[in-house]
Visitor: 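Pasting a structure here, questions to come.
Both ligands and their constituent atoms are indexed starting at 1 by order of listing.
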Amino acid sequence: MKILKPKILGIETSCDETAAAVVSRDDMGLPKILSNVVLSQIDNHAEFGGVVPEIAARAHLSALDHIIKQALTEADTSLDEIGGIGVTSGPGLIGGLMVGMMTAKAISASRNIPFIGINHLEGHALTARLTDNVDFPYLLLLVSGGHSQILRVDGLGQYKRLATTIDDAVGEAFDKTAKLLGLGFPGGPNVEKAAQTGDPSRFKLPHPLKHHDTLNMSFSGLKTAIRTQAQKLEPLKEADIADLCASIQKTIAEVLSDRCERALEAHCDINTLVVAGGVAANTEIRARLNSLCKTRNCTLIAPPLNLCTDNAAMIAWAALERFEIGETSDMNLSARSRWPLDEDTASMIGSGKKGVKV
Ligand code: KG4
Ligand code: ZN
């Protein structure tokens, strides 16, 4: 099936954002976002210090219909004009995924619109094609609450994982640091804010796996180092918290930049680095990667902040690319709580066990 300039509805419910969006191509064939609606559940989960799966699923259930309606209205369209539906079918929290998939299947069956299940990570991986029309191949640094990976992206569905975390995801390191320092949930933006007034050189934190012959990453030791420093300083003053935040942010930015540099060195046929996932919203990390790319004479593509964090425009876009090569899903498709982008690479012991936030 080849649809010309279709409007694609995207649905995303894999974690704590209920999101719907409509994307298409313009008259020149360039990607176009017609609407992008995201309802964050942060307030529902804040008092628990993290995402509670049952609460998330119920919140998706009560909000999704309205969010889809709003996305259609903001795109100035209706289901009559929708040529296909893309829905996140994994990885993520199974209850939320099922809400999104049942909704997509119901619209598909009642309106006779094709649908396709999309890997949430593929949504992140292809965002740069939606925002910057970037060509394959490129290296992708995917950094979020559940994943820290470097992938080589050679084409649609052609993903080779070059590196991953051997323990915590980088977003978790931010979130756990924030919790430890009493900065609340979600941690990343709060750590970044506190770091603005901090001294990044006050604490010397470890650079895990720095001298190892690997591109892999490790972040659990960093979190422990922050705890140790914090315990020594008890009771913490505001300036201590700012300095700890600035130190961990700088260290994480250095680690990510170091791994990307080595990946670019090993793949010198590639001169584009794309950064994606919620942690890619961090200004210090972006700045480090930017200067790395400048010195290596390659291009850094960092999507706008609202398209780095979870959204449905990226799901609609991945669906559009897949519809264009004739792919669709059928009603037997099931949600998958775990679904690596590169299924050929063995999973890393200890990493991504949560399979929750990606
Ligand atoms: O991709 P994403 O929106 O959701 C999932 O992981 O599913 O990423 C969320 C993660 C959280 O760990 C959050 O703390 C982190 O991204 N994050 C940040 C920033 N904004 C969000 N980390 C560091 N700095 C930020 N500005
Ligand atoms: Zn995500």
Visitor: Is any NZ, NE, NH1 or NH2 atom of the basic residue among Asp344 and Arg161 found under 4.0 Å from an Asp or Glu carboxylate oxygen of the other?
Guide: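 Answer for the salt bridge query: no.
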
Visitor: Do any N/O/S atoms of Cys15 come under 2.8 Å of the Zn ion (ligand 2)?
Guide: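 No - counting backbone and side chain alike, Cys15 has no N, O or S atom under 2.8 Å.
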
Visitor: Just to be sure I'm reading this right: ignoring hydrogens, which of Gly278, Gly188, Gly145 gets closest to atom 21 (C) of ligand 1? Compare them by their nearest heavy atoms.
Guide: Gly278

Visitor: Are Leu61 and Val38 grouped together when hydrophobic residues (ILVMFWY) are joined by side-chain heavy atoms under 4.5 angstrom apart?
Guide: no

Visitor: Heavy atom under 4.0 Å from ligand 1: found in Val279's side chain, backbone, both, or neither?
Guide: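 Both parts.
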
Visitor: Could you list the residues that satisfy side chain to side chain donor-acceptor pair (under 3.5 Å) with Glu321, not counting sequence neighbours?
Guide: Arg129, Trp317

Visitor: Where's the contact between His124 and ligand 1, heavy-atom distance under 4.0 Å: side chain, backbone, both or neither?
Guide: side chain

Visitor: Which option out of Leu305, Asp310, Asn282 puts a heavy atom nearest to atom 24 (N) of ligand 1?
Guide: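 Looking at heavy atoms only, the winner is Asn282.
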
Visitor: For atom 13 (C) of ligand 1, which of Val191, Leu121, Asp175, Leu93 has the closest heavy atom?
Guide: Asp175

Visitor: Would you confirm whether Thr328, through its side chain, and Ile116, through its main-chain N or O, come within 3.5 Å as a donor-acceptor pair?
Guide: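 No, Thr328 side chain to Ile116 backbone: no donor-acceptor pair under 3.5 Å.
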
Visitor: Which ligand 1 atoms, with their elements, are less than 4.0 angstrom from a heavy-atom of Gly171?
Guide: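 Listed by number with element, the hits are 12 (O).
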
Visitor: Near Glu192, which atoms of ligand 1 are under 4.0 Å from a heavy atom of that residue?
Guide: 24 (N), 25 (C), 26 (N)

Visitor: Taking 4.0 angstrom as the limit, do Arg262 and Asp258 come out as a salt bridge?
Guide: yes

Visitor: Short question: side chain of Asn190, backbone of Leu183 - any donor-acceptor pair under 3.5 Å?
Guide: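 It does hold such a pair.
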
Visitor: Hey, which N, O or S atom on Asp310 ends up closest to the Zn ion (ligand 2)?
Guide: OD1

Visitor: Backbone or side chain, does any N or O of Glu172 fall under 3.5 Å from an N or O of ligand 1?
Guide: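 Among all N and O atoms of Glu172, none is under 3.5 Å from an N or O of ligand 1.
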
Visitor: Should you measure from each heavy atom of Thr309, which atoms of ligand 1 turn up under 4.0 Å away?
Guide: 3 (O)

Visitor: Taking 4.0 angstrom as the limit, do Arg288 and Glu254 come out as a salt bridge?
Guide: yes

Visitor: Considering only NZ, NE, NH1 and NH2 on the basic side and carboxylate oxygens on the acidic side, decide whether Arg202 and Asp243 come within less than 4.0 Å.
Guide: yes

Visitor: Would you say His120 has an N, O or S atom lying under 2.8 Å from the Zn ion (ligand 2)?
Guide: yes

